[in-house]
2 protein chains.
Amino acid sequence: MLSKRAKYAIKTILFLQDHPELVPASAKLISERETIPYKFLENILRDLKTHQLVKSVRGAEGGYALAKDPSMISIAQVMRAMDGPIALIPCISERFYESCPECTDEETCRIRKLFAEVRSEMVPILERPITTLAKSK
Amino acid sequence: MLSKRAKYAIKTILFLQDHPELVPASAKLISERETIPYKFLENILRDLKTHQLVKSVRGAEGGYALAKDPSMISIAQVMRAMDGPIALIPCISERFYESCPECTDEETCRIRKLFAEVRSEMVPILERPITTLAKSK
DNA sequence: ATAAATCCTATAGAATAGGTATGAATTAAA
DNA sequence: TTTAATTCATACCTATTCTATAGGATTTAT
């Protein structure tokens, strides 16, 4: 399941996309508008910044903005930044690969094969740019 | 990510499917053959039994067997028994539905919409009977 | 200067993961 | 009828992760 951290991060990214007029948006503002605990959000924003998904302006009137064009940002990027692998098992993850200690033959592992199929269905959906998410409200 | 609990459970189910000649298979045997910690496996087997995926025979020469025809068992069933929802967010889960406390309108929630799409791709794959998993080794 | 911000480190409580310990109940076989 | 193998049940344990919160240092527009 998606962590709250990732969910809050996604909401933050979408908020920044939806409100270019409020940019740079302060953590306080985002926190209030999206009902995300303030200090927790600060933490998440730092992480998003490390992963170059947002950029920041310091000092009074400062805040956060998307670090790149929204058409270059996907939910998958946010999820990977917050929660790590999208794949349900590490032995098929592209960016977070890890072999199963007990596995004798990855090539023939049925479990791996099944979850590889799942992954290859999930990833393209999550990698769509956030601009393709129908805007609502 | 899939928990070890779920992974061990899947391996156990596949083991029982692959070795009808060893049925009823004792926890000890399964534990050795699949290198799953014995006491942890006992725990998992109890849970699988509660969810009617395996049945047990008590006493000496006892052990575990699949509770129904393998063609009626899916990886999704095992995952739900062990880890709960397959959906990445609870507001689109069929069996473990929970609304997001802060959500004002599920109908228009873009996040929900996206993850619903992900879920509807994942579930059919995971719900295939285990008999359809190409046997290997 | 002051206020409003980001930035940084540390801490804390709760839940979950991954197991372990102990022993009772059941049953086949010797 | 004893013994050994097994399931069944409960409780416990340790480490990690999750979800934050606290306190303060730093930066900057006004």
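Every value quoted in this text rests on a predicted model; they were computed, and no experiment measured them. Naming: A, B, ... by sequence-line order, numbering from 1 per chain.
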Worksheet item: Does a nitrogen or oxygen in the side chain of Ser56(B) sit under 4.0 Å from OP1 or OP2 of dC8(D)?
Response: yes
Worksheet item: Closest to the Ser26(B) side chain: dA4(C), dT6(D), dC8(D)?
Response: dT6(D)
Practice prompt. Write down the distance between CG (Leu45(B)) and C1' (dA9(D)), rounded to a whole number of angstrom.
Written response: 14 Å
Worksheet entry | Between dT16(C) (C1') and Met1(B) (CE): distance, integer Å | 15 Å
Discussion item. Taking Glu42(A) first and then Arg46(A), would you say they form a salt bridge - that is, a charged N and a carboxylate O separated by under 4.0 Å?
Written reply: no
Worksheet entry | Nearest-Å distance for atom pair NZ/P, residues Lys7(A) and dT19(D) | 11 Å
Worksheet item: So, are Arg33(A) and Asp18(A) salt-bridged, with charged N and O less than 4.0 Å apart?
Response: no
Worksheet item: Hey, which of these two, Glu42(A) or Glu61(A), hits DNA chain D nearer its 5' end, going by closest nucleotide?
Response: Glu42(A)
Worksheet item: Atom CD1 of Ile44(B) and atom P of dA17(C): how far apart are they, to the nearest Å?
Response: 12 Å
Fill in: Tyr64(A) vs dC7(C): side-chain N/O to OP1/OP2 distance below 4.0 Å
yes
Item to complete: Establish, with yes or no, whether the OP1 or OP2 oxygen of dC7(C) is under 4.0 angstrom from a side-chain nitrogen or oxygen of Lys49(A).
Response: yes
Practice prompt. Using a 4.0 Å heavy-atom cut-off across all strands, classify Tyr38(B) as base, sugar-phosphate, or nothing.
Written response: base
Practice prompt. In sequence, state the C-alpha distance, the side-chain angles, and the governing distance for Arg80(A) and Glu127(A), and then conclude on salt bridge (Lys or Arg N to Asp or Glu O under 4.0 Å).
Written response: CA-CA 11 Å; Arg80(A) 290 196 183 101; Glu127(A) 270 178 353; 3.2 Å; yes
Worksheet entry | Sugar-phosphate only, base, or nothing, as touched by Lys39(B) at under 4.0 Å among non-hydrogen atoms | base
Discussion item. Rounded to whole Å, how long is the line connecting atom CG of Asp47(B) with atom C1' of dG18(C)?
Written reply: 14 Å
Fill in: Length of the line joining Asn43(B):CG and dT7(D):C1', which is rounded to integer Å
13 Å
Worksheet item: Do Glu117(A) and Lys113(A) pass the salt bridge (Lys or Arg N to Asp or Glu O under 4.0 Å) test, and can you show the C-alpha distance, the side-chain angles, and the key distance before you say yes or no?
Response: CA-CA 6 Å; Glu117(A) 202 176 331; Lys113(A) 202 165 289 175; over 6 Å; no
